[in-house]
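The structure appears below as structure tokens.
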Amino acid sequence: MYNYEKYTAVKAEIERRRLAAEAEADSRSADLRAKSAEIAEIDRELSGTGMKLFKAALAGEDLIPLKERNQELNKKRREIIVSLGYPEDYTDVHYTCPLCRDTGYVGGSKVCSCLKEELIKATIASSGIGNLIEKQSFDNFELGIYEKDERIYKRMKNNLEVAKRFVENFRTEPGNLLFVGKTGTGKTHLSTAIAREIIKSGFDVIYDTTQNIMSDFETDRFKNAYSQAEPLAEKYLKCDLLIMDDLGTEFATPFTVSCIYNLINTRQNRGLSTIISTNLDQQELLSRYEDRIYSRLIGSDYRVLCFVGPDRRLV
Ligand SMILES: Nc1ncnc2c1ncn2[C@@H]1O[C@H](COP(=O)(O)OP(=O)(O)O)[C@@H](O)[C@H]1O
Ligand SMILES: [Mg+2]
Ligand SMILES: [Zn+2]
């Protein structure tokens, strides 16, 4: 699920909106009181009604006359506002989200759609997918382009179906995918399409190239041992779904190979899903990485999908 820091940041932003909206309404009221003695008088009386109601309730008195007086004052106040040439709701609080009055919750505990939307936006922003998220989806992953070749068509149709099922079952059945195929065959497209759907259903997703991920591990490695900051690579070990793109294009050293193994292994042990894509074929994977990485990827932990067809970058 969305991580806690993101949730607190988004909640604080919504809270900030609410306070700003209330402060603006207050300042519009103050403005009107300066312009109209009548409004100043009404506001003075209205500001005491809470206390009056409270006292009357304690004393067991009838509250209806007080409430009626309150309504009458509010009505009069609106009339004056209009007569001064302002819109009737001029001093109302203009919330960004009237549904939850910028609290993030409706009816006490139900998460408002605005809070959900902001969480999705924040997760997209931190996912590393950037503008690919708008460009690449299941909807614009075309199969028609493969129809000339029955074998290619069947494979790519199957890949799309597996990807969609991966999304549908994500909540209950974490799983891992290995996308294998030459450049331009749609591996990044399909993996970011998956990311987009998984983020929308409320999970924390990170997408990046293997090279960039490894560079964060390198940075952590050479950081001051006394540094208080959370390691950069921590997020790759924690997110609900990690998409590690272009395995095999990173500069391979014994250090990166052991990082990749640790990453795959830790995520597997934690029951977190991973999608890895690579231009390398099985033989190249085996010769580049240790047997223990190869056997994880090609063994039973990962479902291997082969991407075939023309290089779409050249189409
Ligand atoms: N089946 C497809 N339908 C629509 N666009 C596709 C398809 N396959 C690939 N593309 C597009 O072709 C380009 C290259 O695909 P990409 O996913 O980057 O390939 P890969 O990651 O395998 O190298 C991208 O712009 C992608 O959106
Ligand atoms: Mg790619
Ligand atoms: Zn709301």
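Both ligands and their constituent atoms are indexed starting at 1 by order of listing. Source: prediction; values computed, not measured.
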Of the side chain and backbone of N140, name the one, both, or neither that has a heavy atom under 4.0 Å from an atom of ligand 1.
backbone
Is any side-chain N of the basic residue among R288 and E250 closer than 4.0 Å to the acidic one's carboxylate O?
yes
State plainly whether the residues R16 and E13 are in salt-bridge range, i.e. N to O under 4.0 Å.
yes
Closer than 2.8 Å to the Mg ion (ligand 2), which protein N, O or S atoms?
T188 OG1
Nearest-neighbour protein heavy atom for atom 17 (O) of ligand 1, which is reported as residue plus atom name and distance
H189 N, 2.8 Å
Set out, in order, the CA-CA distance, both residues' side-chain angles and the distance that settles side-chain contact (heavy atoms from CB on, under 4.5 Å) for T209 and T249, then state yes or no.
CA-CA 9 Å; T209 60; T249 58; 5.7 Å; no
Taking N or O atoms only and a 3.5 Å limit, does T183 qualify as a polar contact for ligand 1?
no
Less than 4.0 Å is my threshold; does some heavy atom of F307 fall inside it relative to ligand 1?
no
With R221 as the cation and F255 as the aromatic partner, state whether NZ or CZ is under 6.0 Å from the six-membered ring centre and within 45° of the axis.
yes
Regarding E230 and K238, does a basic nitrogen lie under 4.0 Å from an acidic carboxylate oxygen?
yes
Minimum-distance protein heavy atom relative to atom 3 (N) of ligand 1:
E142 N, 2.8 Å
Using heavy-atom distances only, which candidate in G181, G186, S137, G309 approaches atom 16 (P) of ligand 1 most closely?
G186
N/O to N/O below 3.5 Å, does that happen between I145 and ligand 1?
no
For atom 10 (N) of ligand 1, the option (of R312, K135, R313) bearing the nearest heavy atom
R312
Pair D311 + K182, salt bridge at N-O below 4.0 Å:
no
Would you give the length of the straight line joining atom NZ of K76 to atom OG of S83, rounded to the nearest 0.5 angstrom?
10.5 Å
Does only the side chain of Q136 get under 4.0 Å from ligand 1, or the backbone, or both, or neither? Count heavy atoms.
side chain
So which heavy atom in the protein is nearest atom 22 (O) of ligand 1, and how far is it from that ligand atom?
K187 NZ, 2.7 Å
When you check the gap from the basic side-chain N to the acidic O, do K121 and E117 get nearer than 4.0 Å?
no
Within 45 degrees of the ring normal and closer than 6.0 Å to the centroid, is that where the cationic atom of R17 sits relative to Y95?
no
Where ligand 1 meets T185 - atom numbers and elements under 4.0 angstrom, heavy-atom basis:
19 (O), 20 (P), 22 (O)
Going by the 4.0 angstrom heavy-atom rule, the piece of Y146 near ligand 1 is side chain
With the threshold set at 4.0 Å, does a side-chain nitrogen-carboxylate oxygen contact exist between K75 and E79?
yes
